[in-house]
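First the structure, in the form of C-alpha cells, and then the observations on it.
The model shown is predicted, which means the values in this text are computed figures rather than measured ones. Each ligand, and each atom within it, is numbered from 1 in the order the structure gives. The analysis underlying the following values was restricted to heavy atoms, covering all of them including side chains, and did not include hydrogens, waters or symmetry mates.
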Amino acid sequence: MELRTTKHTRPDEMGFYGEYGGAFVPELLRPNIEELEKFYLQVKDTPSFKEEYITLLKDYVGRPTPLYYSEKLSIKHSCSIYLKREDLNHTGAHKINNALGQILLAKKMGKTTVVAETGAGQHGVATATASALMNLKCIVYMGEIDIERQAPNVQRMKFLGAEVIPAKSGSKTLKDATNEAIRYWINHPDAYYLIGSVVGPHPYPMIVTDFQSIISEEMRIQLLEKTGNELPTKVIACVGGGSNAAGAFYHFYEEETVELIAVEAAGKGLKSGASAATSMLGSQGVIHGSMTLLMQNAHGQIIEPYSISAGLDYPGIGPLHAHSIKEGRTKATSVTDEEALFAARELTKTEGIIPALESAHALAALDKIELFKSDIVVVNLSGRGDKDMATYKQYF
Ligand SMILES: *Cc1c(COP(=O)(O)O)cnc(C)c1O
C-alpha cells in the first residue's frame with residue numbers, strides 16, 4: 001500500500017472531508033473509535049503490518065486481480081474497455097480487501113469478537129471468512145429481506161461459523177442491520193466493529209478507503225503494462241456506501257485527466273419513490289455516525305431506499321464521495337434495476353462473466369455516458385453474480 005495524500009482522499013484531523021464526515025457517536029463509543037484511530041495510525045505503515053496484509057492479499061485473496069480487456073464491450077462502444085476483476089477475489093467481491101485489513105487490526109488490538117452488518121451478504125461472508133482465519137467470534141446483522149434474497153451468502157456465513165442475526169426493523173435491509181450492529185457495539189464495547197464500506201464515524205471511512213485503495217494501485221501498474229500509460233480516461237464504479245468506488249478512484253483523484261464516475265442505483269427510477277440514488281435525491285444530514293448526503297424527508301426521517309441489488313440500497317453515501325461529488329471531481333450517474341439486469345445479461349452472454357447485480361450497475365453506465373474513440377475506460381467489476389442467480393432466474 002503506497003498511499004497518495006491528497007485533499008480529496010484524506011480527511012482532516014476531525015475526520016472531515018470538506019463539510020462531510022466526522023464522528024457523531026454516543027459518548028460511550030468515543031473511547032472505542034479514538035482507540036481504533038490511534039492504533040491504526042500507529043501500525044498501518046509498520047513493515048510487519050504491511051507485510052502481513054500484503055501477503056494475505058497475495059496468497060489468500062489471489063491479488064493482484066486481473067485487468068481484463070473486454071473486446072466485446074470495446075467493439076460495442078468503439079473505445080477501449082477494461083474490467084478490473086474484483087469478482088475473482090476469494091469470496092467473490094472486493095469486500096475481502098477491507099475485511100482482512102480490519103481483522104488484522106482487531107487481532108492486534110486483542111479483540112475476541114467481531115460484529116458486522118451486511119447487505120448483499122458479501123461483507124458478512126468476507127468478515128466471517130476473515131474471522132474463521134483468525135479464530136475470532138463473528139456476529140453478523142442482516143436485514144430480514146436481504147436474508148431472503150441472498151440465501152446462498154447466509155448459508156456460507158453460517159458454515160463459516162458466524163452467527164447471523166436478522167434485523168427486523170424499518171425496511172429490513174442494510175440500514176437497519178447497521179443500526180442493530182451499532183447497538184450491539186454500544187452494549188459490547190469490547191467487540192471490534194468491522195464496517196464494510198466507507199461509511200460510519202471517522203476513522204472508518206479513512207481505514208476502509210486505505211484498504212480498498214489497492215484496487216487503483218494495481219490498475220495503474222496494469223494499465224502501464226497494457227497501454228503504455230498508467231492513466232485511463234474514465235473509471236466507473238457502482239456506489240452503495242462507496243468502498244469499491246473509493247478503492248477504484250483513490251490513486252486517480254489528483255489526475256485531472258481521469259474522469260471518475262460513480263454509479264448509483266436508481267431502482268425503479270429516480271422519480272418513482274423506489275430508488276437508492278443518494279447523491280441525487282439526498283441532502284445533508286447525519287447517518288450512522290457521519291455527516292453526509294442521505295435520503296431524508298423534510299422532517300429528517302430517512303426515506304427507505306430501494307434497489308434490486310441488496311448491496312446498493314443504502315440511504316447514505318460515504319463522506320469522501322459526498323465531498324468529491326459536491327466539488328465536481330466525481331461525477332454521479334444512476335442506473336435503474338432494468339438497465340442493470342440488461343447489462344448483467346449482456347456481459348454474461350458475450351464474455352462469459354456473470355457479474356454481481358451491483359457491478360452490473362457500473363456496466364450499464366457505459367450506455368449512459370458519452371464515450372469517444374480515444375477513451376480508455378476501466379469498469380470496476382466489484383463482484384461475481386453467483387449470489388444473484390435467484391434474481392436473474394426470475395427475469396431471464
Ligand atoms: C457490497 C457490494 C457493493 C457495494 O458496496 P460499496 O461499499 O459501495 O462498494 C458493490 N458490489 C458488490 C459486489 C458488493 O458486494
Side-chain angles (χ1 to χ4, degrees), residues 65 83-99 102 116-127 129 140 142-143 146 149-150 152-153 156-157 173-175 177-178 194-200 204-205 207-209 211-213 215-216 235-250 262-265 276-279 288 290 292 305 307-322 325 330 332 335 340 343-344 347 353-365 379-388 391:
T65 58
L83 305 177
K84 181 61 172 160
R85 298 291 307 276
E86 292 301 297
D87 59 313
L88 292 178
N89 284 323
H90 178 44
T91 69
H94 66 289
K95 298 277 183 2
I96 192 82
N97 304 329
N98 165 56
Q102 287 200 56
E117 75 287 316
T118 195
Q122 287 301 122
H123 175 56
V125 168
T127 304
T129 299
V140 180
M142 187 169 185
D146 292 338
R149 59 181 170 174
Q150 303 288 332
N153 275 344
R156 290 163 83 196
M157 284 184 264
T173 60
L174 180 56
K175 157 181 78 67
T178 307
L194 207 161
I195 295 188
S197 191
V198 289
V199 299
Y204 283 105
I207 291 176
V208 180
T209 299
F211 286 134
Q212 293 294 358
S213 69
I215 299 173
S216 48
V235 182
I236 305 179
C238 65
V239 173
S243 67
N244 86 88
F249 296 168
Y250 191 92
V263 186
E264 297 185 314
T278 308
S279 80
H288 299 139
S290 166
T292 189
S307 165
I308 192 169
S309 146
L312 300 184
D313 71 350
Y314 182 69
I317 183 173
L320 164 83
H321 297 301
I325 289 169
T330 300
V335 155
L347 191 75
I353 298 170
I354 305 177
L357 260 169
E358 292 81 8
S359 321
H361 285 71
L363 290 164
V379 180
N380 198 39
L381 204 70
S382 54
R384 65 178 186 231
D386 308 38
K387 67 181 179 59
D388 298 308
T391 308

Could you tell me whether some N/O pair between [X] and ligand 1 is separated by less than 3.5 angstrom?
X: S243; value: yes
X: K387; value: no
X: V198; value: no
X: E358; value: no

Any donor-acceptor pair under 3.5 Å from S382 side chain to H94 backbone
no
Ligand 1 atoms in contact with [X] (distance to a heavy atom under 4.0 Å):
X: S197; value: 6 (P), 7 (O)
X: C238; value: 10 (C)
X: G240; value: 8 (O)
X: Q122; value: 15 (O)
X: A356; value: 13 (C)

Report yes if some heavy atom in the side chain of [X] is under 4.5 Å from a heavy atom in the side chain of [Y]; otherwise report no.
X: H288; Y: T178; answer: yes
X: S359; Y: D87; answer: no
X: S307; Y: H361; answer: yes
X: C238; Y: N244; answer: yes

Whether over 12 other heavy atoms sit under 6.0 Å from L88 CG
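It does: L88 CG has more than 12 such atoms within range.
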May I ask you to identify, for V239, whether its side chain, its backbone, both or neither come under 4.0 Å of ligand 1 on a heavy-atom basis?
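Backbone only.
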Distance to 0.1 Å, residue and atom name: give those for the protein heavy atom nearest to atom 4 (C) of ligand 1.
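Of every protein heavy atom, G311 O, 3.4 Å lies nearest to atom 4 (C) of ligand 1.
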Does A120 come within less than 4.0 angstrom of ligand 1, counting non-hydrogen atoms of the residue?
no
Does G242 reach ligand 1, in the sense of a heavy atom lying below 4.0 Å from it?
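Yes; G242 lies near enough to ligand 1 that a heavy-atom distance drops under 4.0 Å.
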Considering A360, S382, G383, which one's heavy-atom position lies nearest to atom 12 (C) of ligand 1?
S382
A student comparing E264, H94, K95, R384 should find that the heavy atom closest to atom 2 (C) of ligand 1 comes from K95
What I want to check is whether the side chains of N97 and Q212 have a donor and an acceptor closer together than 3.5 Å.
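Q212 and N97 do have a side-chain donor-acceptor pair below 3.5 Å.
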Hey, mind stepping through Q150 and M157 against side-chain contact (heavy atoms from CB on, under 4.5 Å) and telling me if it holds?
CA-CA 11 Å; Q150 303 288 332; M157 284 184 264; over 6 Å; no
Non-hydrogen atoms of A276 and E264 that approach each other most closely
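Heavy-atom minimum between the residues: O-CB, 4.4 Å.
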Can you name the nearest heavy-atom pair linking T118 to Q122, along with the distance?
OG1-N, 3.7 Å
